[in-house]
Amino acid sequence: MPELPEVETVRRMLESSVLGRTVRSARISGLKLRSRVPAELPARLRGRTIESLGRHGKYLLIGFDRGLTLLSHLGMSGRWLYFPDAGDRSLDHVHARLVLVGGGALWFQDPRRFGLLRIVETAKLARDASLRRLGPDPVTTPLAGEALHEIAHGSRQAIKTFLLDQRRLAGIGNIYASEILFRSGVDPRRMAGRLSRAEWDRVASDTRQVLEEAIRGMGTTFSAYRTLWGEPGSYGERLLVYDRPGEPCLRCGSPIRRILQGQRSTFFCPVCQGRRTRSGPRAGRKA
DNA sequence: ATCCTATCCTGTAGGC
DNA sequence: TGCCTACAGGATAGGA
């Protein structure tokens, strides 16, 4: 669910609400998310103060004093929720609850449990197995078309799949991959290694534009995503192709198509995102 | 190496 | 109403 803009929205809200706050106590559910929530989390966070809020791709880094970082990933259905009153709500699927000194509570909720919570020593962050794999973050370090052209050199992956690959670029997910390629007028089935330098220039600038606009709209709420305040994001109203199969393209009026790539939906306009060489043996068919 | 598939889990929407 | 299936914003281990 949450891609770079959604995670960045949560990061900013955390920054404005819990930066400088200290953990009075913490509890965990003990359930397994993507991996097990560390049993020592409550003991290690108790008494620590939140000093920084960082993000790389879809990973959120909550930095505490004395060299500890809480690494978090929202997976498909994860949410961070902040309650100023620390009141005891009854909510399902809450896997971590931090109570803050001076009132207020921070909860991590994740029904599907594809999310991640991990305690990492701040000094060792660069060596973390998950973070180490990530490519550059296109918002923190905007890339020129030239760099992308270079990264994609020789790749036979479909461009849509390429954009989803966190080792190439960190942060783009299924919604924004379709939106970016629509803006760029690139057929999602084309091989990444076959895009021209000029096409990569467009993809690079559209990537930046789409992600930044989405951040301004506080992200896209398709169903589950909520901001730190539990509110939906507004960028969903501005999606041009995602989840609009059969509806007229907002640019040319032809019906938007939905295809599967790597078992995930891709939405595109077959007219605006012209033909050219496609990748994969059967990537072309499907209705 | 590089690419593709299956899998983890719950909730929800749509067909009957 | 209920039952069933398909699908959902993600990452990753394992096989080809």
Side-chain angles (χ1 to χ4, degrees), chain A residues 1-10 29-37 55-60 71-80 91-95 108-118 128-135 151-180 189-194 210-211 214-215 217-227 232-236 238-239 241-246 258-267 278-283 286:
Chain A
M1 134 212 154
E3 308 181 28
L4 187 155
E6 290 75 34
V7 179
E8 176 62 16
T9 299
V10 172
S29 70
L31 290 178
K32 187 174 171 289
L33 304 183
R34 192 203 302 177
S35 55
R36 178 150 242 103
V37 179
R55 182 190 58 74
H56 190 354
K58 302 171 194 170
Y59 285 83
L60 189 60
L71 181 65
S72 144
H73 192 294
L74 302 178
M76 291 282 257
S77 58
R79 297 174 182 171
W80 277 104
L91 263 187
D92 286 336
H93 310 297
V94 178
H95 300 104
F108 183 79
Q109 181 189 38
D110 184 8
R112 287 182 73 179
R113 299 201 262 136
F114 291 163
L116 175 79
L117 287 178
R118 182 154 66 215
D128 180 84
S130 301
L131 294 179
R132 209 174 34 191
R133 287 182 238 263
L134 299 179
I151 293 173
H153 180 75
S155 171
R156 308 175 59 81
Q157 251 183 326
I159 174 71
K160 155 71 173 355
T161 314
F162 179 93
L163 291 178
L164 286 182
D165 186 341
Q166 305 298 299
R167 293 167 305 185
R168 317 276 197 175
L169 282 180
I172 298 172
N174 210 34
I175 292 179
Y176 298 112
S178 283
E179 294 297 311
I180 289 164
R189 299 164 295 190
R190 302 236 337 258
M191 288 196 303
R194 294 253 184 107
V210 167
L211 296 178
I215 291 169
M218 313 238 279
T220 300
T221 293
F222 181 68
S223 64
Y225 160 75
R226 291 293 184 282
T227 70
S234 73
Y235 194 74
R238 312 197 30 205
L239 296 177
V241 288
Y242 186 83
D243 200 34
R244 301 189 58 238
R258 170 184 179 271
I259 59 171
L260 285 179
Q261 293 184 286
Q263 279 122 263
R264 315 201 59 194
S265 294
T266 299
F267 301 90
R278 297 170 190 175
S279 83
R282 56 201 132 33
K286 188 81 190 174

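In this text the structure is predicted, and so the values were computed from the model without any measurement. In the text below, chain A, chain B and the rest are named by the order of the sequence lines, each starting its count at 1.
- The side chain of His73(A) contributes an N or O atom lying less than 4.0 Å from OP1 or OP2 of dA11(C).
- With hydrogens and angles ignored, the 3.5 Å screen pairs a side-chain donor or acceptor of Arg113(A) with a backbone N or O of Lys32(A).
- Distance from the side chain of Gln263(A) is smallest for dA6(B) among the nucleotides dT10(B), dG10(C), dA6(B).
- Contact annotation: side chain of Arg113(A) to base of dC9(B), donor-acceptor pair absent below 3.5 Å.
- The base of dA8(C) sits within donor-acceptor range of the side chain of Arg112(A), with an N or O pair under 3.5 Å.
- A salt bridge is absent between Arg258(A) and Asp243(A); no separation between the charged side-chain nitrogens and carboxylate oxygens falls under 4.0 Å.
- When the nucleotides dC3(B), dT10(B), dG10(C) are ranked by their closest atom to the side chain of Gln157(A), dC3(B) comes out on top.
- Taking a centre distance below 5.5 Å and an interplanar angle below 30 degrees as the stacking criterion, Phe114(A) does not stack against the six-membered base ring of dC9(B).
- Taking atom P on both dC3(C) and dC9(B), the two are 23 Å apart, rounded to the nearest angstrom.
- Among the nucleotides dA13(C), dA8(C), dA11(C), the one closest to the side chain of Arg34(A) is dA11(C).
- Considering only the side chain of His93(A), dG11(B) comes nearest among dA8(C), dG11(B), dA13(C).
- A tilted orientation is assigned to the rings of Tyr176(A) and Tyr235(A), their planes being inclined by 30° to 60°.
- With distances taken from any side-chain atom of Pro111(A) to the nucleotides dT12(C), dG11(B), dC4(B), the minimum falls on dG11(B).
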